[in-house]
Amino acid sequence: MAGVMETEEQARRRFQLELEFVQCLANPNYLNFLAQRGYLREKPFVNYLKYLLYWKEPEYAKFLKYPHCLHMLELLQYEHFRKELVNAQCAKFIDEQQILHWQHYSRKRTRLQQALAEQQQQQQQPQAPSHGNTTSK
């Protein structure tokens, strides 16, 4: 049987499912769940993870709410990482590191937004006309 073309509705549904699944990869506890149940050792599943790398392309990545999932997807390409995820302590460590990163990012972003607001406020204040020292003799 020749390749069956996907309907527009099927393509949209596949897009939604893959988007949702890729974003789940940002959750280290979910990765631990997959590892403990043996999915990360199965060749078809590993091949699927490789296939999902297309999400790194800007035309797809722009739809992600949790772009950190792309880093995890990249790490999942490595067998050693997949094996380590069976260990709950590994997942806990990743989870803690994500929280620290988000806290730092949030503080940094807040400071950046405050600085930008102050800069805009200064630019909006009317400038006093400069009176040069133009004295006539």
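As the structure is a prediction and not an experimental result, all values here were calculated from the model.
Both Y78 and L76 sit in one connected hydrophobic cluster of ILVMFWY residues. Membership requires side-chain heavy atoms under 4.5 Å apart, directly or through other members. Using a 4.5 Å cut-off between side-chain heavy atoms of Ile, Leu, Val, Met, Phe, Trp and Tyr, with links allowed through other members, L53 and Y51 fall into the same hydrophobic cluster. Hydrophobic clustering keeps F33 apart from V46 (ILVMFWY residues linked when any side-chain heavy atoms are closer than 4.5 Å, directly or through intermediates).
Between the CG atom in L19 and the CG atom in L52 there is a gap of 11.0 Å [rounded to 0.5 Å]. Rounded to the nearest 0.5 angstrom, R37 CZ and N32 CG are separated by 8.5 Å. To the nearest 0.5 Å, atoms CG (L40) and NZ (K83) are separated by 12.0 Å. Between atom CG of residue L75 and atom NE2 of residue H80 there is a gap of 11.0 Å, rounded to the nearest 0.5 Å. In this structure, the separation between OH on Y30 and CG on L85 is 12.5 Å, given to the nearest 0.5 Å. Note that OH of Y48 is 6.0 Å distant from CZ of F21, once rounded to the nearest 0.5 Å.
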From CA spacing to verdict: side chain to side chain contact (heavy atoms under 4.5 Å, CB included), V22, L64: CA-CA 9 Å; V22 165; L64 297 170; 4.2 Å; yes
Steps toward side chain to side chain contact (heavy atoms under 4.5 Å, CB included) verdict (L49, L25): CA-CA 10 Å; L49 292 172; L25 300 179; 4.2 Å; yes
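With respect to the salt-bridge test (charged N to carboxylate O, under 4.0 angstrom), the residues R13 and E9 do not qualify.
Within a 6.0 Å sphere centred on CD of E79, other residues, nucleotides and ligands contribute 12 heavy atoms or fewer. Counting non-hydrogen atoms of neighbouring residues, nucleotides and ligands closer than 6.0 angstrom, the CD atom of E20 reaches no more than 12 such neighbours.
Side-chain contact check for Y39 versus R82: every heavy-atom pair is 4.5 Å or farther apart.
Here the shortest heavy-atom pairing between K50 and Q77 reads CA-OE1, 3.3 Å. Closest heavy-atom contact between A61 and L70: CB-CD1, 4.1 Å. Of all heavy-atom pairs between Y66 and A26, the closest is CB-CB, 4.4 Å.
Checking side-chain atoms of Q23 against main-chain N and O of K65 turns up a donor-acceptor pair under 3.5 Å.
Counting only N and O atoms by type, the side chains of Y60 and E18 include no donor and acceptor under 3.5 Å apart.
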